[in-house]
Amino acid sequence: MARITAGVATSHVPALGAAIDLGKTREPYWADCFAGYEWTRRWESEQAPDVIVLVYNDHASAFDMNVIPTFAIGCAERYVSADEGWGPRPVPDVIGHADLAWHIAQCCILDEFDMTIINDMAVDHGLTVPLSLMFGQPAQWPARIIPLAVNVVTYPPPSGNRCWLLGEAIARAVASFPEDLNVQIWGTGGMSHQLQGSRAGLINKPWDTAFLDRLTADPEALRGIPHIEYLREAGSEGIELVMWLIMRGALGPGARELHRHYHVPASNTAVGHIVLENG
Amino acid sequence: MARITAGVATSHVPALGAAIDLGKTREPYWADCFAGYEWTRRWESEQAPDVIVLVYNDHASAFDMNVIPTFAIGCAERYVSADEGWGPRPVPDVIGHADLAWHIAQCCILDEFDMTIINDMAVDHGLTVPLSLMFGQPAQWPARIIPLAVNVVTYPPPSGNRCWLLGEAIARAVASFPEDLNVQIWGTGGMSHQLQGSRAGLINKPWDTAFLDRLTADPEALRGIPHIEYLREAGSEGIELVMWLIMRGALGPGARELHRHYHVPASNTAVGHIVLENG
Amino acid sequence: MTAPRDIQAYLAEFDDIPGTRVFTAARARQGYWLNQFCMSLMKDENRRRFRADERAYLDEWPMTEAQKQALLDRDYNRAIDLGANVYFLAKLFFTDGKSFLQAVGTMTGMTADDYQAMMIAGGRSPEGQRSIREGR
Amino acid sequence: MTAPRDIQAYLAEFDDIPGTRVFTAARARQGYWLNQFCMSLMKDENRRRFRADERAYLDEWPMTEAQKQALLDRDYNRAIDLGANVYFLAKLFFTDGKSFLQAVGTMTGMTADDYQAMMIAGGRSPEGQRSIREGR
Ligand SMILES: [Fe+3]
Ligand SMILES: [Fe+3]
């Protein structure tokens, strides 16, 4: 039986990917930021998950203004890296797990989630930067990936509560998959950042820290945070944090914090990262 | 304030469109079938709805195997007729109501429906045949249309209950739209038909009749019909009837039957049609 | 919530319907390229190229030989067995200038006239066609 | 259900955030072609054509003159006022060989060095930046 063993959350700042691709991770600007992922890289190599349900948002790469799915689940065999304007990132193709992805898609639709099934899409930095952070620069990614793209660009995104509920539905679906698989779920994006206007560069460390604390101390409280609070407190792009709630909703109430990292800045963004053991 | 004044359901058999386009509606094969729409054509011209929320399914026209949205709402200004293999139907472009469509999309997402927003798509016979049935061959369609495409091709489609709940959410959304608009909601597809295999040609008049009866006599009972019952009783393509429940869910409990028509056959299909006054 | 929660039980019931193949994930995956080929026939240019040399056009798609042969033979039941869905196949029906009535009728083993006559007489009865297991 | 049900109230709150334009339906509609133009820069061929003659390439898109001028000027605040979203604009940043840090900094009125220094010092404080109405 497949089981979700852990949840991982991390920012997915494109500059982090560029720093890895260009071999700059030991430069003074980046060293502390990347140091916080070393624990996780060791832990991931021990854990060796078979499949990762990777919750991220497409940043106007696979989806333009013509098709805006709230929840899109990738059921393909393979995904290429998107060309976001400076050529595709030099990373391996992402190999899907079509059996489990279709299983989750079907279960979630029966569970009254209005999924969009995707069989062909390019994946952008939102998905590939977390892979690079956890796995470095391997010839091929060490796990199969199920991309779950959430609209957080065009308003309204799904509510935090809806994200949490989807996480619960994904957990039920994984638990009903007959094959014995070690599955992780990752939530990506955030933490506080704003990429526009006179308020650009906003960072709210106290709010981010409270968010990280509440992932274990009071996760239910996170479900009720309205969009306006993300926007006011964590900046216009901080809304990405609703995606962490899909990850958290998929874990049990007793999930335990194994590792945490918080660093300012990476480009315009507060980098946040946490590893939760399911329980 | 916008208000949903009526619900209309009808089959959307492509051959009905072809019969209209080719001027064959008075031929013996077709005359009785089209006669049942005459009452509605007069009624529609009196009603003069401003906007129609037109629930239909795309038949592998706008959406291929690469993108399969459960609920896709058209927010565009205009939609062209799809080329389904014999050239586009010679019908006017469909003019959207982007203000109301975006309003419904936003409200439904806040209401925790996981909509896919669409800004560019061609519309196939599922949408254009009902327009031809109700409005004939005008130079332009007399109402603005909000296409709502439901996946009933790749399994699982949404449950009947989920469709009903979406109808309720659409009704709340319309009621909160500030402009004074006469809005109808149409549910299309069905009734019993099967387009494959040795069971092709299946028609189940008693089951179809009971379905039509229950739309006013016991609508709540319709919510609970499982997919397998549609498949067994109404044929593999009879599953389209779940779309009628979006229409019915958008009307009040006291909706009243104004008109009904049932005819076998149109091509492979049992044509069903009903007009419900909201209440 | 009235939907069945157990996807295996949900899917298993579909195999109990006589002469019917439900377009499940398994079929959607098997028929992916076949169905994408059908979609390509929505463009007149592609219809022309297909008509000019069916085999050559089919060879541009990564389908199995069996899938290609089913399409060349217009053996729609076989195509559906191999993952086709009728709404995708419809692009081929229409490319051939056939109606749904004509094309679907070929899947029943009946002559076109007999199938048409059955439909005019009220269609195929659901009696005995609902469930293999229960014989109803 | 914790989500606000009243869409007007939901949207109205967004106007209370200093220096922030939320990508609502109204903005998405206004910026449709501008954003679709940006998407076109995901192809190297289009980036080359754009770089060779920006004005001519922009004229292929049904944008307003004001939208085209904002893009020619790389005035990203103005572009966002006219319906752009930053993730679409990013295709232009990258076409120009600029990072998010460089491009976003230009929207603050600060010099690139000052903006970079502010970020290294911990970023912009949210104090006074949360609500115009409440001055907090
Ligand atoms: Fe992001
Ligand atoms: Fe249909």
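Residue numbers start from 1 in every chain, and the chains themselves are labelled A, B, ... in the order their sequence lines are given, proteins ahead of strands.
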Inset, instruction - For residues A/P156 and B/L110, report the shortest heavy-atom separation together with the two atoms involved. - result: CB-CD2, 3.8 Å
Inset, instruction - State which residues pass side-chain contact (heavy atoms from CB on, under 4.5 Å) with B/A60; sequence neighbours excluded, sorted by chain then number. - result: C/M39, C/Y87, C/F88, C/K91
When you scan chain B against chain A, which donor-acceptor pairs turn up at less than 3.5 Å?
residue: B/M65; atom: O; partner: A/N119; partner atom: ND2; Å: 2.8
residue: B/N66; atom: O; partner: A/N119; partner atom: N; Å: 2.9
residue: B/I68; atom: N; partner: A/I117; partner atom: O; Å: 2.8
residue: B/I68; atom: O; partner: A/I117; partner atom: N; Å: 2.9
residue: B/T70; atom: N; partner: A/M115; partner atom: O; Å: 3.2
residue: B/T70; atom: OG1; partner: A/M115; partner atom: O; Å: 2.6
residue: B/E112; atom: O; partner: A/R162; partner atom: NE; Å: 3.2
residue: B/E112; atom: OE1; partner: A/N161; partner atom: ND2; Å: 3.3
residue: B/E112; atom: OE2; partner: A/S159; partner atom: OG; Å: 2.6
residue: B/E112; atom: OE2; partner: A/N161; partner atom: ND2; Å: 3.2
residue: B/D114; atom: N; partner: A/D114; partner atom: OD2; Å: 3.0
residue: B/D114; atom: OD1; partner: A/R162; partner atom: NE; Å: 2.8
residue: B/D114; atom: OD2; partner: A/D114; partner atom: N; Å: 2.9
residue: B/D114; atom: OD2; partner: A/R162; partner atom: NE; Å: 3.3
residue: B/D114; atom: OD2; partner: A/R162; partner atom: NH2; Å: 2.7
residue: B/M115; atom: O; partner: A/T70; partner atom: N; Å: 3.2
residue: B/M115; atom: O; partner: A/T70; partner atom: OG1; Å: 2.6
residue: B/T116; atom: OG1; partner: A/T116; partner atom: OG1; Å: 2.7
residue: B/I117; atom: N; partner: A/I68; partner atom: O; Å: 2.9
residue: B/I117; atom: O; partner: A/I68; partner atom: N; Å: 2.8
residue: B/N119; atom: N; partner: A/N66; partner atom: O; Å: 2.9
residue: B/N119; atom: ND2; partner: A/M65; partner atom: O; Å: 2.8
residue: B/S159; atom: OG; partner: A/E112; partner atom: OE2; Å: 2.6
residue: B/N161; atom: ND2; partner: A/E112; partner atom: OE1; Å: 3.3
residue: B/N161; atom: ND2; partner: A/E112; partner atom: OE2; Å: 3.2
residue: B/R162; atom: NE; partner: A/E112; partner atom: O; Å: 3.2
residue: B/R162; atom: NE; partner: A/D114; partner atom: OD1; Å: 2.8
residue: B/R162; atom: NE; partner: A/D114; partner atom: OD2; Å: 3.3
residue: B/R162; atom: NH2; partner: A/D114; partner atom: OD2; Å: 2.7

